[in-house]
Amino acid sequence: MSAPEATVRAGVSTRFLRSELWLVYGRRRNWVGALVLASVPVILAVAVRLSSSGAQGGPGFLDLITSNGLFVALAALTLELPLFLPVAVATIAGDAVAGEANLGTLRYLIVTPVDRTRLLAVKFAAMVVFTISATVLVAGVGVLLGLALFGGGPLPTLSGTTLSFAEGLGRLALICGYISLCLVALGAIGLFVSTLTEQPIGATITVLVLTLASQIMDAIPQLSAIHEYLPTHYWLAFGDLLRDPIATEGLRPGILSALAYVAVFTTAAWARLTTRDISS
Amino acid sequence: MTGPAAVTPPPGRDDAGDPDGSALAPGPAPRDDAGAGLAISSTGLTKRFRSGQVAVDGVDLAVPVGSVYGFLGPNGSGKTTSIRMLLGLLRPTAGSHRLLGEPMPDRAAQVLPRVGALVEGPAFHPYLSGVDNLRRTDAADRTVDPATARDRIDRALDRVGLASAAGKRYRHYSLGMRQRLGLAATLLRPRDLLVLDEPTNGLDPQGTREVRSLLLELAAAGTTVVLSTHLLSEVQQVCSHVGVMHRGRLVAQGPLDELGARSAARAAVVSPRPDDAAAVLTRLGLAGIRHDGDAVTASLGDVEPEAVVAALVHAGVPVRGFRVLTADLEEMFVELTGQGFDVSA
């Protein structure tokens, strides 16, 4: 007796990717993380609404919130970009390979068999989807609550002009795209670290330490020579998307830097995973 | 008798594998042409870890198609490392191997779907239920039809007796239930070869019997089963072939009954005068004489049992009982490895 020929079924199958997304989105831990991410725009909007005096100063866009609800989303993204969003991405990316190795499920995936390159591609794709959804979650909750509490209307730009509300929404979508790309670069680093260890928490913490170290070094003027190579250096360049017309002096290098980080670290992760002994 | 008589080291074991993996290639690997009848064949399989430790040293496995092959050895003797190399998890330092006649790892994508494996215990996502874990496993396999997934998963759970606990989270499973889920994962599609590392570990006696009969059922249907285990009784009950590992080397391999025959049979004499009986046995040239109350046992070697009885009677030693004991597996094992199931030094 012989088992039926083991031929790979024709066509592109998204089954494994869907299974991976189901693992990410079905996990309670990640729901708690999403709740934390979503709570920032809520706290922000409610706090501004309840303070009768209106916002006086405060970090980016906070003082503009009462003028246009879209600024709740922008302020929330600005506040979450240094730490909360990186924590979310680092958790998922750090878990990607190291989590499977830690549970022992990695060896069963490999003998199923799942081609190692395909495994990495699916893990990367799931990380990208998660990153975009995390960014959109923060912005989406901000927009909805902002509109409900402060109304919409034309969006004032940093150049002093105003954009129509629809145009303003479009700019916010572009900002979400840019921030997602920056975070995906971080996720690519996380994916690489995740192939080095069997401890997912260790991989996550490594990525967070790198993120914070990068931000600290970026704040030291004496290190300006290396600033443009830091992974976080261009993150705040998303402000360029709020100029009229859109400025590109910060965006362009930011996009190139993120793409370079993605290319280098996914390649490194691939080189590592495809050659390593699976002893977990 | 000891020694790896059943294993002939092939020449050229230091060559780093069969580079083109072609069965037609003339070469030093003597098994390549005979690979047809073997579910697993390896030539000089060696793993040297970065620490310099040689975990597996020139192992030549030959697992016949249709056999139930008991893979034995003390802890740390290299069984698991060998299995990991066979399945493509570890890269061999030297040597080559075939699964179901196909060269590994070149043909891993084609051959591994036909191989079910349980390596170093089951491993699943703790926060998913048993059925969701199998769904995940099945989704990773590109050779199966997603439309039949539900059916195949239900059938696999049923076969291992987990149907009633299918919806329970894996973290709440007992060790025995986890083993069963691991077995269920290997049954999600028809397999030609099952490689099972300690499949009855953690099972109660009833579970052990169930798993054993499941294995025999699969074997009867034509699946080749490789069973790595510590339980010699299990081997004796289900295995047709055995391979014994010791300190990274395969010290014996072959059909179970042949290996048993090669092991020395012993004569046991029960007599009220055991010392006199022992003297007669010594005179006949029997080795390994042991006293056990009024019984005396010794290795028969080449001496015929009837000659022993005749000599005892001739010497006037009263004989109350005489038996020929064939070596059991445990004795054979101790003889081959010079130790019981202790950790290999």
Side-chain angles (χ1 to χ4, degrees), chain A residues 1-32 95-96 99-123 126 198 200 273-280, chain B residues 47 49-50 65-66 80-81 83-91 100 105 107-128 132-133 135-146 149 170 182 185-186 188-193 195 220-223:
Chain A
M1 189 210 83
S2 179
E5 263 311 287
T7 47
V8 171
R9 297 176 62 78
V12 177
S13 168
T14 59
R15 200 170 167 225
F16 188 41
L17 176 59
R18 278 182 285 133
S19 160
E20 185 65 32
L21 291 173
W22 173 68
L23 268 191
V24 170
Y25 289 102
R27 194 162 172 186
R28 207 181 309 170
R29 179 194 74 187
N30 297 345
W31 279 98
V32 173
D95 204 39
E100 302 270 9
N102 188 252
L103 291 176
T105 45
L106 183 59
R107 64 175 181 266
Y108 286 107
L109 286 175
I110 300 297
V111 303
T112 293
V114 176
D115 179 76
R116 297 182 191 208
T117 305
R118 176 173 161 241
L119 177 63
L120 196 68
V122 163
K123 291 288 182 185
E198 290 169 17
L273 185 63
T274 51
T275 56
R276 100 176 209 197
D277 276 351
I278 308 293
S279 53
S280 59
Chain B
K47 183 67 182 179
F49 285 116
R50 220 177 296 167
V65 166
T80 300
T81 303
I83 289 176
R84 281 181 178 272
M85 278 194 284
L86 292 174
L87 295 171
L89 290 168
L90 298 182
R91 196 174 286 251
L100 301 169
R107 298 272 297 164
Q110 287 75 27
V111 76
L112 283 180
R114 296 161 62 199
V115 180
L118 196 56
V119 192
E120 265 184 290
F124 292 96
H125 293 276
Y127 44 88
L128 294 183
D132 282 348
N133 266 301
R135 220 169 269 164
R136 161 81 174 164
T137 306
D138 197 63
D141 188 348
R142 294 176 80 194
T143 65
V144 293
D145 180 6
Y170 180 72
T186 69
L188 285 175
R189 50 160 293 145
R191 313 277 191 184
D192 290 321
L193 172 64
V195 179
T223 306

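Letters A, B, ... are given to chains in the order of the sequence lines, protein chains preceding strands, and every chain is numbered from 1.
- Heavy atoms only, all atoms of each residue included: A:Leu109 and B:Arg136 are closest at CD1-NH2, 4.0 Å.
- Ranked by heavy-atom pairs under 4.5 Å with chain A, the list B:Leu118, B:Thr80, B:Leu87, B:Val119 is led by B:Val119.
- When each of B:Arg84, B:Met85, B:Lys47 is tested with A:Asp277 by the rule side-chain contact (heavy atoms from CB on, under 4.5 Å), just one qualifies, namely B:Lys47.
- If you measure heavy-atom distances from B:Leu193 to chain A, you find no contacts under 4.5 Å at all.
- Both the backbone and the side chain of B:Val144 have a heavy atom closer than 4.5 Å to some heavy atom of chain A.
- Top candidate by heavy-atom pairs under 4.5 Å with chain B, chosen from A:Gly99, A:Gly104, A:Ser19, A:Gly26, is A:Ser19.
- Looking at A:Glu100, the atoms closer than 4.5 Å to chain B (heavy atoms on both sides) all sit in the side chain, from C-beta outward.
- Closest of all the heavy-atom pairs between A:Thr105 and B:Ala123 is CG2-O, 3.4 Å.
- Listed here is the closest heavy atom pair of B:Arg91 and A:Thr274: NH2-O, 3.6 Å.
- For B:Asn133, no part sits under 4.5 Å from any heavy atom of chain A, backbone or side chain.
- Proximity to chain B is absent for every atom of A:Thr14, based on heavy atoms less than 4.5 angstrom apart.
- For the atom pair CZ (A:Arg276) and CG (B:Leu89), the distance works out to 10.5 Å, reported to the nearest 0.5 Å.
- Interface residue B:Ala108: only backbone heavy atoms are found under 4.5 Å from chain A.
- Shown here is A:Arg29, whose CZ atom has more than 12 heavy atoms of other residues, nucleotides or ligands within 6.0 Å.
- With a 4.5 angstrom heavy-atom cutoff, A:Ser13 does not touch chain B via any of its atoms.
- Side-chain contact between A:Arg118 and B:Arg142: present, with at least one pair of heavy atoms (C-beta onward) separated by less than 4.5 Å.
- Per-residue heavy-atom pair counts under 4.5 Å with chain B were compared for A:Leu23, A:Ile110, A:Val122, and the maximum is reached by A:Leu23.
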Q: Begin from the C-alpha positions of A:Arg27 and B:His125 and carry the test side chain to side chain contact (heavy atoms under 4.5 Å, CB included) through to its verdict.
A: CA-CA 10 Å; A:Arg27 194 162 172 186; B:His125 293 276; over 6 Å; no
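- Ranked by heavy-atom pairs shorter than 4.5 Å toward chain A, the options B:Leu128, B:Thr137, B:Thr186 are led by B:Leu128.
- A donor-acceptor pair under 3.5 Å links the side-chain atoms of A:Arg15 to the main chain of B:Asp138, judged by distance alone.
- At a threshold of 4.5 Å between non-hydrogen side-chain atoms, the residues A:Val111 and B:Val115 do not count as touching.
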